[in-house]
Amino acid sequence: MSTYQSSDRAHPFAFFQRIIALTGRDTIDNIRNEKLLKYAQVRDFLNKQYSGRIVPVF
């Protein structure tokens, strides 16, 4: 949802305004934190599991 694109950018704004109206809180910080957590998990997995084993195939 954080990467939702539209031509006029009004749709994502309206979407997040509706979430704030329904829940009473802004969820954009939660979305950013989840995104950073996922990136860290993928980075850690690649570093632990495949360090030195990835061979480029040409």
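All values reported here derive from a predicted model rather than from experimental measurement.
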(request) Is it possible for you to say whether F45 and V42 belong to one hydrophobic cluster, with membership spreading through side-chain heavy-atom contacts below 4.5 Å? (result) yes
(message) If I take atom CD1 from residue I19 and atom CD1 from residue I31, how far apart are they, to the nearest 0.5 angstrom?
(response) 6.0 Å
(request) Kindly compute the distance separating CD (E34) from CD (Q41), expressed to the nearest 0.5 Å. (result) 8.5 Å
(request) Measure the spacing between OG1 of T27 and CD1 of I20 and express it to the nearest 0.5 Å. (result) 7.0 Å
(message) If I take atom CG from residue N30 and atom NZ from residue K35, how far apart are they, to the nearest 0.5 angstrom?
(response) 14.5 Å
(request) Tell me whether F13 is reachable from I28 by hopping between hydrophobic residues (I, L, V, M, F, W, Y) whose side-chain heavy atoms are closer than 4.5 Å. (result) no
(request) Quick one: pull up CZ in R32 and CG in L37 and give me the separation to the nearest 0.5 Å. (result) 16.0 Å
(message) To the closest 0.5 Å, what do you measure between CD (Q17) and CG (L22)?
(response) 11.5 Å
